[in-house]
Amino acid sequence: MAAPPVQPVPTPAAANGDAFRLGFVGAGNLAESIARGVAASGVLPASAIRTAPHRRAERGAAFASIGAQLYDSNAQVVDDSDVVVISVKPQIVKQVLLELKPLLTEEKLLVSIAAGIKMKDLQDGQRRVMPNTPSAVGQAASVMCLGEKATQKDENRVRSLFGAIGKVWTAEEKYFDAVTGLSGSGPAYIFLAIEALADGGVAAGLPRDLALGLASQTVLGAATMVNETGKHPGQLKDQVTSPAGTTITGIRELEKGAFRGTLINAVVAAANRCKELS
């Protein structure tokens, strides 16, 4: 039997005394989520985080609320950082890297979290990491790929950063488009599901606040059961599906709407879009 393509990576709670400066080139929502998670975890103090929000006042305010350092240009961020996270839109990554290339010395670790960007677009020895927005609450699902010339120190730093904000796996680069389609875009699918469950509760007569609270906690509880019991989701589903009961009646409606097939198609479509971006 072939070995599985990914292996879970240990998730250290601290950086083992390895103090460094973390810079974000791109101050978007995902970068903010990571920055908040890293600062909250204690791996780095907020003062060790820096970015250049340019003219977007709301982005600057978001990072300032964390306690991060704000600079006027990406060049300043790179110059004053040991680890540089490229978190701009995929369409402009190559342009940004070209502009910053003179500053990206061998002493700096470059990490890309941009969808569709390949290792060949980065410097030798660098990393690609695909996290997701639950980074902000310490529940990220991140996958990383190491460049050929990356050192053990580089790996330790990346593990300390992303391990502190959730779970981390390693995978070959060929899987990254699919990773983006599943865990990168997946939180949005679940947000839609929570919203829809809450709307169903309202349609059935529940107050909005109660319906939303029940929906979000139900999703959290179900995910926790999958993670902690080790049981297959189908087995857990069967445990709450009584003959001719309420749950099987609801599941029948989901099957009429191609619920599972639609989610499968969403992941594949997002993965294909990631390929297009690259």
Inset, instruction - Applying side chain to side chain contact (heavy atoms under 4.5 Å, CB included), run through Arg36 and Ser65 and close with a yes or a no. - result: CA-CA 9 Å; Arg36 286 190 181 280; Ser65 70; 2.7 Å; yes
Inset, instruction - Begin with the C-alpha distance, continue with both residues' side-chain angles, and end with the deciding distance and a verdict on side-chain hydrogen bond (donor to acceptor under 3.5 Å, both in side chains) for Asn272 and Glu276. - result: CA-CA 6 Å; Asn272 289 338; Glu276 293 173 0; over 6 Å; no
Inset, instruction - May I have the step-by-step check of side chain to side chain contact (heavy atoms under 4.5 Å, CB included) for Arg159 and Met144, ending in yes or no? - result: CA-CA 9 Å; Arg159 288 190 182 190; Met144 62 183 183; 3.4 Å; yes
Inset, instruction - Might you work through the side-chain hydrogen bond (donor to acceptor under 3.5 Å, both in side chains) test for Ser185 and Arg273, ending with a clear yes or no? - result: CA-CA 11 Å; Ser185 301; Arg273 177 56 178 158; over 6 Å; no
Legend entry - Stepwise side chain to side chain contact (heavy atoms under 4.5 Å, CB included) test for Val111 and Val158: CA-CA 8 Å; Val111 178; Val158 174; 4.0 Å; yes
Inset, instruction - List the steps and the verdict of side chain to side chain contact (heavy atoms under 4.5 Å, CB included) for Gln139 and Lys167. - result: CA-CA 7 Å; Gln139 294 294 334; Lys167 293 185 178 181; over 6 Å; no
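Leu182 and Trp169 sit in two unconnected hydrophobic clusters of ILVMFWY residues. Membership requires side-chain heavy atoms under 4.5 Å apart, directly or through other members. Val38 and Leu70 fall within a single hydrophobic cluster, where Ile, Leu, Val, Met, Phe, Trp and Tyr side chains are chained together by heavy-atom contacts under 4.5 Å. Val202 is not connected to Leu206 by any chain of hydrophobic side-chain contacts under 4.5 Å among Ile, Leu, Val, Met, Phe, Trp and Tyr, and they are in different clusters. Linking Ile, Leu, Val, Met, Phe, Trp and Tyr whenever their side-chain heavy atoms come within less than 4.5 Å puts Val25 and Ile92 in one cluster. Taking hydrophobic clusters as Ile, Leu, Val, Met, Phe, Trp and Tyr residues chained together by side-chain heavy-atom distances below 4.5 Å, Val179 does not share a cluster with Val268.
What you find for Ser216 and Gly213 is that their closest heavy atoms are OG-O, 3.2 Å. Among all heavy-atom pairs drawn from Gly184 and Pro187, the shortest one is O-CD, 3.7 Å. Nearest heavy-atom pair across Ala266 and Tyr189 is O-OH, 3.3 Å. The shortest heavy-atom contact between Phe20 and Leu44 is O-CD2, 3.3 Å. Scanning both residues, Leu197 and Ala215, for their nearest heavy atoms gives CB-CB, 3.8 Å. The two residues Phe63 and Ala31 make their nearest non-hydrogen contact at CZ-C, 3.8 Å.
Panel note: side chain Ser142, backbone Val168; no donor-acceptor pair is recorded below 3.5 Å. Between the side chain of Thr151 and the backbone N or O of Asp154, at least one donor-acceptor pair lies under 3.5 Å. In this structure a side-chain-to-backbone donor-acceptor pair under 3.5 Å is missing from Asp79 to Ala75. Checked by atom type and distance alone, the side chain of Ser87 pairs as donor or acceptor with a backbone atom of Gly26 at under 3.5 Å. Thr51 contributes a side-chain N or O that, together with a main-chain N or O of Phe24, makes up a donor-acceptor pair within less than 3.5 Å. With Glu195 contributing its side chain and Phe191 its backbone, the two residues share no donor-acceptor pair below 3.5 Å. Between the Ser73 side chain and the Gln76 main chain, a donor and an acceptor come within less than 3.5 Å of each other. Between the side chain of Asn132 and the backbone N or O of Ala141 there is at least one donor-acceptor pair closer than 3.5 Å. A donor-acceptor distance shorter than 3.5 angstrom exists from the side chain of Arg50 to the backbone of Asp80, with no hydrogens or angles considered. Checked by atom type and distance alone, the side chain of Lys108 pairs as donor or acceptor with a backbone atom of Val78 at under 3.5 Å.
Distance check: Asn74 CG to Leu103 CG gives 10.0 Å after rounding to the nearest 0.5 Å. Remark: Leu100 CG to Ile86 CD1 distance equals 6.0 Å, nearest 0.5 Å. The OG1 atom of Thr105 sits 10.5 Å away from atom CG of Leu110, with the distance rounded to the nearest 0.5 Å. Separating the CD atom in Glu155 from the CZ atom in Arg157 is a distance of 13.5 Å, to the nearest 0.5 Å. Separating the CG atom in Leu22 from the CG atom in Leu109 is a distance of 10.0 Å, to the nearest 0.5 Å. Atom CD1 of Ile49 is separated from atom CD of Gln69 by 10.0 Å, given to the nearest 0.5 angstrom.
Using a 3.5 Å distance cut-off with no hydrogens or angles, the side chains of Thr241 and Asp238 do not pair a donor with an acceptor.
The existence of a salt bridge linking Arg21 and Asp82 is confirmed by a sub-4.0 Å separation between a basic side-chain nitrogen and an acidic carboxylate oxygen. Ion pairing of Glu255 with Arg252 is absent here, as no side-chain N (NZ or NE/NH1/NH2) approaches a carboxylate O to less than 4.0 Å.
Proximity of Tyr175 to Val143: side-chain heavy atoms (C-beta onward) are nowhere separated by under 4.5 Å. Side chains of Thr170 and Cys145 form no contact here, defined as non-hydrogen atoms less than 4.5 Å apart. When side chains are defined from C-beta on, Ile66 counts as touching Glu32, because their heavy atoms get closer than 4.5 Å. In this structure, Val84 and Val77 have side chains that are not in contact, with every pair of non-hydrogen atoms separated by 4.5 Å or more. Thr224 places none of its side-chain heavy atoms less than 4.5 Å from the side chain of Thr229.
Within the structure, every pair that satisfies the salt bridge (Lys or Arg N to Asp or Glu O under 4.0 Å) test and touches residues 200-219, not counting sequence neighbours, is listed here: Asp199-Arg208.
When the side chain to side chain donor-acceptor pair (under 3.5 Å) test is applied to Asn29, the partners found at least two apart in sequence or on another chain are Arg59.
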